[in-house]
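Some notes on the structure that comes next.
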Amino acid sequence: MNKGMLVVLSAPSGCGKDTVYTELCKIRNDIVKSVSATTRTKRDGEVEGVNYYYLSKDEFEYLIKNNGLIEYTSYNNCYYGTPISNVTNAVNEGKICFLIIEVEGAQNIMKLFPDDCVSIFLLPPSFEVLEKRLRGRDSDNEDVIQGRLKIAKDELTYKDKYDYNVINDKLDACVDEINQIISAELSKRNA
Ligand code: 5GP
């Protein structure tokens, strides 16, 4: 059995991490996603257990107290966290498990799994493009957008802590680049 691998994928909100993952699933059948828990409200089109497990604050804090999360953070006044079982199952079963998480959580995963983790930071072509993309989402109000833009500026300062930086300008090219990174890392690990 191949060794399992964690792929930590981070990017400022609006850079298209989820779209990139969806496109990758169309060309690879060996990847799974760690479904996070969150206290934020569900956006239109999102599905419980697919995009997130949507929890109340009390439910989330119960998970924290009972060591159910391998990492968690507070982002834009909501909790987000990775259930422990997602990650341990994937590594033990030899799967490639994507953790699509923000920068602080990503640093924690890199420290916890230095040998089993590949980290990728997705960059927008420019900050102006990122702002335009965020404003294109109908579901978020101005306060949320301003909050996300401020966080995005801070997050961009973390890019050098990742193994790879990939610019998401043209989606196909970006997906292709990440696909090649995964294949190269897999061959390295299973040589
Ligand atoms: P969104 O509300 O746009 O779905 O997510 C907001 C941010 O939280 C994104 O950067 C997303 O990657 C991050 N995020 C989602 N799940 C987790 C998680 O389990 N842990 C951490 N640390 N960040 C997460």
Side-chain angles (χ1 to χ4, degrees), residues 6-22 24 31-57 59-64 66-91 97-113 117-124 127 130-159 161-162 165-166 168 174 178:
L6 302 178
V7 180
V8 172
L9 181 63
S10 300
S13 181
C15 276
K17 329 179 255 287
D18 295 315
T19 310
V20 165
Y21 176 75
T22 305
L24 269 173
I31 59 178
V32 292
K33 182 184 124 167
S34 157
V35 178
S36 296
T38 185
T39 57
R40 90 144 155 73
T41 46
K42 204 195 281 179
R43 292 196 188 116
D44 286 350
E46 289 186 343
V47 178
E48 164 76 26
V50 175
N51 300 93
Y52 285 106
Y53 298 108
Y54 300 90
L55 305 183
S56 66
K57 192 163 174 271
E59 288 169 332
F60 199 100
E61 287 175 349
Y62 177 87
L63 273 185
I64 297 173
N66 289 280
N67 302 317
L69 301 170
I70 204 154
E71 63 77 33
Y72 70 94
T73 194
S74 175
Y75 179 101
N76 227 12
N77 300 319
C78 299
Y79 280 131
Y80 292 82
T82 305
I84 283 183
S85 51
N86 291 354
V87 172
T88 47
N89 289 350
V91 173
C97 179
F98 267 69
L99 282 80
I100 306 176
I101 62 179
E102 55 69 61
V103 293
E104 292 290 346
Q107 302 308 301
N108 290 332
I109 297 289
M110 290 178 212
K111 277 186 209 131
L112 285 169
F113 300 94
C117 170
V118 176
S119 56
I120 302 174
F121 193 91
L122 269 192
L123 289 162
F127 199 76
L130 180 66
E131 179 162 1
K132 212 168 142 197
R133 286 182 189 168
L134 279 176
R135 291 194 180 282
R137 279 183 185 169
D138 299 333
S139 51
D140 294 330
N141 65 33
E142 185 59 25
D143 280 355
V144 173
I145 291 169
Q146 287 302 332
R148 286 175 187 275
L149 284 171
K150 186 177 173 305
I151 295 167
K153 277 205 173 115
D154 292 342
E155 287 186 319
L156 285 166
T157 65
Y158 280 73
K159 68 180 171 54
K161 297 183 185 294
Y162 287 69
N165 283 182
V166 177
N168 187 10
C174 172
I178 294 180

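Hydrogens, waters and symmetry mates are skipped; everything else that's a heavy atom, side chains included, is used. No experiment lies behind these values; they were computed from the predicted model shown. Counting convention: from 1, in listed order, for ligands and their atoms alike.
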Can you tell me how far the CZ atom of Arg40 sits from the CG atom of Asn77, to the nearest 0.5 Å? 13.5 Å
Number the atoms of ligand 1 from 1 as they appear, then name those within less than 4.0 Å of a heavy atom of Arg43, with their elements. 1 (P), 2 (O), 3 (O)
Nearest non-hydrogen contact with atom 20 (N) of ligand 1 belongs to which option: Glu104, Arg148, Glu71, Glu102? Glu71
At less than 4.0 angstrom from any non-hydrogen atom of Ser36, what atoms of ligand 1 do you find? 16 (N), 17 (C), 18 (C), 19 (O)
Do we see a donor-acceptor contact under 3.5 Å between the side chains of Glu46 and Tyr54? yes
Just jot down the ligand 1 atoms closer than 4.0 angstrom to any heavy atom of Ile100, in number order. 11 (C), 12 (O), 14 (N), 15 (C), 16 (N)
So, are Arg135 and Glu142 salt-bridged, with charged N and O less than 4.0 Å apart? yes
Considering only heavy atoms of Gly105, which atoms of ligand 1 have at least one such atom less than 4.0 Å away? 22 (N)
side-chain contact (heavy atoms from CB on, under 4.5 Å) involving Ala106 - partner list, sequence neighbours excluded: Val8, Ser10, Ile101, Met110, Tyr162
Specify whether Tyr79 and Phe60 have parallel, tilted or perpendicular ring planes, treating 30° as the upper limit for parallel and 60° as the lower limit for perpendicular. parallel
Taking salt bridge (charged side-chain N to carboxylate O under 4.0 Å, His left out) as the definition, give me every residue that meets it alongside Glu104, ordered by chain and number, with sequence neighbours left out. none
For Arg40, take its heavy atoms, then give the atoms of ligand 1 lying under 4.0 Å from any of them. 1 (P), 2 (O), 4 (O)
Hey, is Tyr72 touching ligand 1 through its side chain, its backbone, both or neither, going by heavy atoms under 4.0 Å? neither
